[in-house]
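These notes are about the structure you will find just below.
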Amino acid sequence: MPGRTDLVIFGASGDLARRKILPALRGLDDGELRVIGAGRSDIQEEAFRKVVAETSGSEALAATADWVQLDYAVPETYGRLKEELADDRSVIFYLATPPQTFSSILQGLTASGLSGKDGRDHRVVMEKPLGQDADSARRLNAQLAELFNEDQVYRIDHYLAKDTVQNVLAFRFSNSIFEPVWNRSAVQSIQITAAEEIGIEQRAGYYDRIGAVRDMVQNHVLQVLALVSMEPPATFDPVDIRRAKHELLRSVDPIRAEQAVRGQYEGYLQEHGVDDDSRRETYAAARLSIHNWRWDGVPIFIRTGKALRRQLTEVVIRWRDAPHLKVGGHLQRPIPTLLVMRFQPNEGITLRIGAKRPGPRFEMVPAGMTLEYKRLARAPLPDAYENVLSEIMAGGHTAFPGGKEIERSWEIVDPLIQSWESEGHPETYSKGSWGPQAAEDLVTSGGGGRWISSGDEPGT
Ligand code: BG6
């Protein structure tokens, strides 16, 4: 903890603050932290204190919480915020507001002398999406660089704060037996799935402008890909990890529409707040290529979507099949060796292998060796936002992507987003399915076999 800290949450009366940020403060109320909500709403301090008490469960935090009303776009209104902040406390500015407000808020902070380069311990935290394409991300990063030092900036990608995602690095780089087979000579394909059972819920206002590629691929999916496929970093310090991820992302080809499938779930147009003729994608799948010595020629399939069969977030590494297995004069179909890293639910890692079924015949069956991640934990796994907040308080950067990775990730998805803007209606898929049929063909024709969903796949 940086000691006595004021946490200023812009957009504190919004959905994200109530669902994720304020509940994650439970356990951080050590008497040194004060929450200040800032936003356009004319809510009174008492009402905000009630929200803090209900969401964080902490009477101590609620008792000291304050609300400052301001207009993000009017720098003069930031004066009251400045008065609230004591000079001898650290300040965290948390922008939990729509992305189009970021620039004005940063200007407002500067105009009132609250930005961070003057030696005070001020930090700024931003929710995704950071920009809406590579150009706007570059502008935002440039603005941030003028106002804050890079180590004062925290760009949130809550996937990086999931313990199971962080374990990818531990798994890869603390178990040297996998390194010799973590490359194009041994790996046949890689799949990344980030499937959700829920639809867009009450978020049409945000989602109908954004869609699956900006919401999930540009950030979470590409970050996971980078961790799975990057080179070993020089050290596990955040700067080196960021450098290794950025280098990997530079080797990923920008995605063209021919390598991708877009879908929209049946009933999306009837969701409250969605345009009647919206062409927004709620599903995206793509075949990616990484052009470097380790991965050249290995197809990488990614898919993400809403209203799918079930929630499932995982990476599947499929190794090349055994070249030859003849038993009793018959060629046996090889059982592909798979490594499944499951981030949620049933967090864990499964190595799916072929084994002999016990009995007189030499019969091969798929079998799994599984690490149940929860068994390693001393306490229930924390929510990603608890990790995010405690790391910001402690001044760590492991769970946060760097500005360059974010710009490069936009460069990877920009061509796809642009092509889709001018295309007709996406393919419709039924709620509760695994998405459009075309996504199956993408994998089959792209040399990946078929989509693998752990739980459905024998031995996983
Ligand atoms: C968010 C997206 O970043 O991630 C949401 O904006 C999505 O649309 C969520 O539902 C998924 O996160 P998780 O942790 O539930 O996989």
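Note that ligands are numbered from 1 as they come in the structure, with each ligand's atoms numbered from 1 the same way.
Side chains of Phe48 and Ser41 form no contact here, defined as non-hydrogen atoms less than 4.5 Å apart. Counting heavy atoms from C-beta on, the side chains of Gln132 and Pro99 never come closer than 4.5 Å. By the 4.5 Å heavy-atom criterion applied to side chains, Ile200 and Asp208 are not counted as neighbours. The shortest distance between side-chain heavy atoms of Arg209 and Arg214 does not fall below 4.5 Å. Residues Phe102 and Gln143 have side chains not in contact (no heavy-atom distance under 4.5 Å, counting atoms from C-beta outward).
Among protein residues, Lys128, His158, Tyr159, Lys162, Glu196, Arg203, Tyr206, Asp215, Met216, His220, Lys306, Gln344 come within 4.0 Å of ligand 1, judged on heavy atoms.
Remark: of the listed residues His246, Arg242, Arg250, Gln223, Gln223 is the sole one forming a side chain to side chain donor-acceptor pair (under 3.5 Å) with Glu405.
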